[in-house]
Number of protein chains: 2
Amino acid sequence: MKALPDALTLENLLAEVGEAILAGRLDAAALRRAEAAGAHDAGPYWGSGAGGGVLAAAHMQGLVSAGACRLGVCCPDPLRVGDLASYLDHTLLKPEATVAEIDTLCAEAIEHRFASVCVNGQWAARCAEILSGSGVLCCAVVGFPLGAMPSEAKAYETSRVVEDGACEVDMVIPIGSLKSGDDAYVQRDIAGVVAAAHRGGARVKVIFETALLEPSEIRRACELAVRAGADFVKTSTGFSKGGATIEDVRLMRSVVGPSVGVKAAGGVRDRDSAEAMIEAGATRIGASAGIAIVRGETSGSSY
Amino acid sequence: MKALPDALTLENLLAEVGEAILAGRLDAAALRRAEAAGAHDAGPYWGSGAGGGVLAAAHMQGLVSAGACRLGVCCPDPLRVGDLASYLDHTLLKPEATVAEIDTLCAEAIEHRFASVCVNGQWAARCAEILSGSGVLCCAVVGFPLGAMPSEAKAYETSRVVEDGACEVDMVIPIGSLKSGDDAYVQRDIAGVVAAAHRGGARVKVIFETALLEPSEIRRACELAVRAGADFVKTSTGFSKGGATIEDVRLMRSVVGPSVGVKAAGGVRDRDSAEAMIEAGATRIGASAGIAIVRGETSGSSY
C-alpha cells in the first residue's frame, strides 16, 4: 500500500470530487488528483481505519449516494457507524441461486441499508446496476470457494468482476500452497488480485478458510495478505467444514493491526454472534441471515 | 462438432503424426493436417465412440506414450478397453491438498494406469509435467465447483490450464442461469470453454451438479452441452449435497447419444458402484477412491 496522504490534502481533494459528482461535472482529472493523493488507500473501513472520522461526513454521504465506491472511501457509510446493518455483507453464493433471488437480495440490501451484497461473479454486473446510487456496494467473490485456480486466472476474474461493477472482491487464498509452505506463491497470488482490483478502484478481502488452518497458518496468512496489500482479511467461505470463530477473528485482528479490515463469515446467524464478532475485532460480517441479524432473530441458514 | 472425417483418412493421418512424434520429427504441418481431418473430434472415448476400434492400436499406444493427448485421441488407451482403471479420473480437489499429496496422486495414477488425474487448476502445470509420457492425462477443473463466475473468466481459466498442460477440462455450468431459464446464457458459457479448450486440443466435460437439478433440467443441460460442442457430460462436482446416481447417468446417456462421453462423479467408492455406473452408460468415473475401486475394496472418501 502507498503511504497515506496528508489527511487535510485528502479531505480537500475528496470534497472537490464529491462536489463535482453531485454537481454532475465530475471529470477524469479530478478523479486522478484524488487517486494520486491516495484516496484509494484512505483506510478499508470507517471508524477505526486511518482517515476515519477526518473526512467531512456530509461530503462522503454525497459520494456514497452517487455510487462513488471507486474512490475507495464509502464502506460503510460514516453516518452509520454503530449501525449493525452497515457491517453486513448480504450474501447469496449458492450456485443454484436464480436471477429472481439475486434481485430480491439486492432489494433487501437496499431496504436494510447493508454494506454490500456479496454474490458470485456472474451476477456482478446485474447487482451493480440495481444497486447503483443506493449506497449499497456490489461485492463479488473470486477463485471461490477453493482458491486453487491458477493465479493468472484469479487476477483475470478480478478484472472482469471489477469491470462489471464490483467495488469489493472477496478472494480465496491457495490454501494448499500455504500448507505446503510456499509463502511466496501465496503472496504473489494475493498481490495479483489486489493489483487487478485496485486498478479498478475496488477493495480486496482475502479469505483464508480458517477452519482448515492451524493458528500458526492463520498468522502467516495474515502477514502475507497485509504484505500483498489486502484491504481486509476474512475468515471463511461458508462452503467448508466450519465458519468464523471468535478466537480466529481475535487472532486475525491482532496480526493485521488497526488499518486492515477483518470480515467474519460463515455461521453468523443472529445478532448476538454478530456483535460478539465485532467485539472480537470484526469490521464486517458476511451472512445470508442479515435480515434475521438486524431484527434480532435467529436464522436457520448455514452461511 | 464438425462432421467426422472418413475413418481411413483419419487413421492414415494419425499414423503419420504418431510416427512423426515417435521419430522426433513432428512438425506443425502434420498436426494441422490431422486437425483439419478432424482428429480432435474422433470421439470422446474409445470403445463406444465414433472411430473407436478403427484406429490402429499400436499407433495410438505410441501417441499416448509420447504425450500426444493434444490430438484428442488418447483417452482411455484403446489397448485397455475393459480395464476398469482406464475409466477412472483419479481425483484430488480438496482445497487444502498439498504439493506432496498432488505428487502422490500422480504417482498412483501412473502406477494404476488411470485415465487421468483430476486436480484444481493451480496444479495443472505440475501434474502435466509429472505425467508427461505416462499415458495418464492431466485433467483440470474450471469454474469449480460453483460454475457461477463470469463466462469470460471461465474461458480464460480454460485457456490458462490448457496452456499449462491440461488435456481435459471439467467445467461447471452456471446452474442458477439454467434454473432461471436462461438457456442461451448457459450454452454460450459452455461454448466459450469448449472453444478455448479445443483451440488447445483439450476435451471438455460439462458438469451439471445433478443433485441440484430436476430430471427436466438435466435433460435441458444435456441438450445445451451437446449443442455447445462438449465432449462429455458429467454428473457432479463432489462438493454439493449429492453425487452421481444410476438414474441420472442413464438419463444423461439417453439424451446425449453414443458419441458424447458421460462421466459419473461424486460418491463412487467401490468396484460395484463403478461397474453399475458403466452399465448405466458412464464412460468415465471420477473418484478419489480409484485405488480402492480397482482393488475391489470400499473407500470412506466422500468423492
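Chain identifiers are assigned alphabetically (A, B, ...) following the order of the sequence lines, protein sequences preceding nucleic acid strands; residue numbering begins at 1 within each chain. Since we're looking at a predicted model, the values are computed, not measured.
Taking chain B as the reference chain and counting heavy-atom pairs below 4.5 Å, the highest number among A:A153, A:P150, A:A97, A:S180 is found for A:P150. Of the listed residues B:P145, B:A140, B:G143, B:A124, the one with more heavy-atom pairs under 4.5 angstrom with chain A than any other is B:P145. With chain B as the partner, the residue from A:G147, A:A125, A:G121, A:G181 showing the most heavy-atom pairs under 4.5 Å is A:G121.
Remark: the B:T104 side chain and the B:E101 side chain contain no N/O donor-acceptor pair separated by less than 3.5 Å. Side-chain N/O atoms of A:D189 and A:S151 include a donor and acceptor closer than 3.5 Å.
Taking the side chain as every heavy atom from C-beta outward, A:V206 and A:I173 approach each other to under 4.5 Å.
Neither the backbone nor the side chain of A:I102 comes within contact range of chain B, judged by heavy atoms closer than 4.5 Å. Using a 4.5 Å cut-off between heavy atoms, A:F144 touches chain B through backbone and side chain atoms alike.
To the nearest 0.5 Å, atom SG of residue A:C106 and atom CZ of residue A:R126 are 8.5 Å apart.
Ion pairing of B:E96 with A:K241 is absent here, as no side-chain N (NZ or NE/NH1/NH2) approaches a carboxylate O to less than 4.0 Å.
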